[in-house]
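Report on the structure given below.
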Amino acid sequence: MTTPALLPLSGRRLPPLNLGASAFPHHRATLRLSEKFILLLILSAFITLCFGAFFFLPDSSKHKRFDLGLEDVLIPHVDTSKGGKNLGGFLIHGQGHDEHRHREEEERLRNKIRADHEKALEEAKEKLKKSRDEIQAEIQTEKNKVVQELKKKDSKPLPPVPLPNLIGINSGEPADPDIREKRNKVKEMMKHAWDNYRQYGWGHNELKPIARKGHSTNIFGNSQMGATIVDALDTLYIMGLHAEFREGQEWIDKNLDFSVNSEVSVFEVNIRFIGGLLAAYYLSGQEVFKIKAVQLAGKLLPAFNTPTGIPWAMVNLKSGVGRNWGWASAGSSILAEFGTLHMEFVHLSYLTGDPVYYNKVMHIRKLLQKMDRPNGLYPNYLNPRTGRWGQHHTSVGGLGDSFYEYLLKAWLMSDKMDTEARKMYDDAIEAIEKHLIRKSNGGLTFIGEWKNGHLERKMGHLTCFAGGMFALGADGSRDDKAGHYLQLGAEIAHTCHESYDRTTLKLGPEAFKFDGGVEAVAVRQNEKYYILRPEVIETYWYMWRFTHDPKYRQWGWEATQAIDKYCRVSGGFSGVKDVYSSSPTYDDVQQSFFLAETLKYLYLLFSNDDLLPLDNWVFNTEAHPLPVLHLANTTLSGNPAYR
Ligand code: DMJ
């Protein structure tokens, strides 16, 4: 991390001391003192040891036993002139050895201890003369040395694998000057978001653009893992922001450290960090990203140590202890979390040649396949101890969403060889269409939520990604229903656009209803916020790629302008608390997915299709592009589809 010296050594915080201005005066003051205290403790322990050694040194007059030659003594020597035998550099003294020489030896040792003792005292005095900053710098240097040593140990080269065909990783420059200008505007917004994070939140997970300081949430645990840096890398790369990309790479190389006592979300770390690192690796070819991704994946593996192999939602990166969210039904793991690991884990096995990752996610799939599904629907909650479903709640938005997305993308990413995944996707989508998808009185198609046999006529912003998913899965659909699914995608895109268009700010609410005369509008105050989410724009982009209907670019441009007008502040971009209010207040968070997803999808929307073509790249749920793997000749144990 950027400031490891600022972390409390004991893991416990002491009361703040006023030691001058700093970004974190509380931490810095606490830690300088505790580190100095530890330093003094070590020095005094050393001095005590020296005194002890001095007084307890064997004295020849008191400890005759050794001098009596009862035992042979081994003293390093090579001189055989005095009648001893030289055995490999050690001279063996027999009986009747020279007492005088022993005294000399003791005297020499005493002098040495005295000298060492004086030297240590001198050094201690010198240390105490030094300023706090000098001591801090010395401690930091020592720590860096240790970190570098550890890094050397951890950075084993990985076996080389043939890289997939990586095409379309730059350019995409549109010929139309109007579209080019829009694309440049998105790039400028990315630069604004990055530069401010760089200035005020560097190394922290996210940015508070109004308070102008770092921000984090519990999904990243209590550590500063630079989530925004990792999440933003591939967007920087495809936008041609290479200096910024290199800055990010350098930070990752020097500071991104996973040996931290921090409890993180397995899902979030997988999609943002592993996904982000893998995409950065494939785009740039820089080994450091691959190595970090593999190191991090190793830290997530203990989360799978449950009676069923369904991973815990959270894992402590240091201890490997896992647990589930307190709010989840019946101690369950969440479908969208344990079901959104497949893409990244298959790539990890591919890159390392180690099937462990692949086997973990295939085990989850096999277990899900065996289970009964109420009405053919997957409930969002599954208990990892018992292997039983929790509450029967199914949604294509939060808690369920990316599970379905990853079934489809597993098939696409395998060059359409993983037909088992495609079948699971088709089955799931058919059940969803039957039970969850409806048309409102006003003719808007929406996807509701199934709760214990009852359909809630509410749709989340998160659910809006499904328009893009239906379009992406149209080709290859069962019974040749490609036209139907493309149409369904278009209808969802339209509904989600309406949810934006019916607000004051032209930005979409978190959730909206289709009930009692209400259509695509949020009803509850706590559903009126917009936190820079990407899903609606994601769907515009997929629909644009598959139809080239200019309305999708138009809608994307409306969203770009609204974000720039209402979410932009001088310190970055912020979410807003009420999209129906003409004087909105900010939530003061620049989410890392804004740089990873929202701005990337907008940029792609105004680029030519040859930038990251969908025949060659599959985007993970955090918009990190991973190449299609042509695995026909590669054996990944477990699934015949891959052989
Ligand atoms: C992102 O982190 C991912 O897209 C995830 O799948 C759910 N949604 C957030 C952004 O809204």
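FYI, side chains are in, hydrogens and waters are out, and symmetry mates aren't considered; it's all heavy atoms of this structure. A quick note: this is a predicted structure, and the numbers were derived from the prediction, not measured. We count ligands from 1, going down the list as the structure has it; atoms in each ligand are counted the same way.
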Test side-chain hydrogen bond (donor to acceptor under 3.5 Å, both in side chains), reference Asn270, set Glu344, Glu337, Glu622, His342, output is Glu344

Heteroatom proximity flag, Ser402 to ligand 1, N/O under 3.5 Å: no

Looking only at protein heavy atoms, what sits closest to atom 2 (O) of ligand 1 is Glu622 OE1, 2.6 Å

In this structure, atom 6 (O) of ligand 1 is nearest to the protein heavy atom Thr621 OG1, 2.8 Å

Shortest non-hydrogen pair, Phe470 vs Ile437, comes out as CZ-CD1, 4.0 Å

TODO: Return yes or no for this condition: an N or O of Asp401 is under 3.5 Å from an N or O of ligand 1.
DONE: no

(Q) Between Thr539 (side chain only) and Val536 (backbone N and O only), is there a donor and an acceptor less than 3.5 Å apart? (A) no

A student checking ligand 1 against Leu462 at a 4.0 Å heavy-atom cut-off should list atoms 7 (C), 8 (N), 11 (O)

Honestly, for Glu597 the part within reach of ligand 1 (heavy atoms, under 4.0 Å) is side chain

- Task: Say whether, by atom type as modelled, one donor and one acceptor occur between the side chain of Asn324 and the main chain of Gly331 under 3.5 angstrom.
- Result: yes

Ligand 1 atoms nearer than 4.0 angstrom to some heavy atom of Arg272 are 2 (O)

Atoms of ligand 1 under 4.0 Å from any heavy atom of Pro534, numbered from 1 in the order shown, are 10 (C), 11 (O)

Taking C-beta and beyond as the side chain, do Lys506 and Glu558 meet within less than 4.5 Å on heavy atoms? no

Margin query: Could you check whether Glu510 pairs with Arg533 (Lys NZ or Arg NE/NH1/NH2 to Asp/Glu carboxylate O, under 4.0 Å)?
Written below: yes

- Message: Considering both backbone and side-chain atoms of Glu535, is one of its nitrogen or oxygen atoms within less than 3.5 Å of a nitrogen or oxygen in ligand 1?
- Response: yes

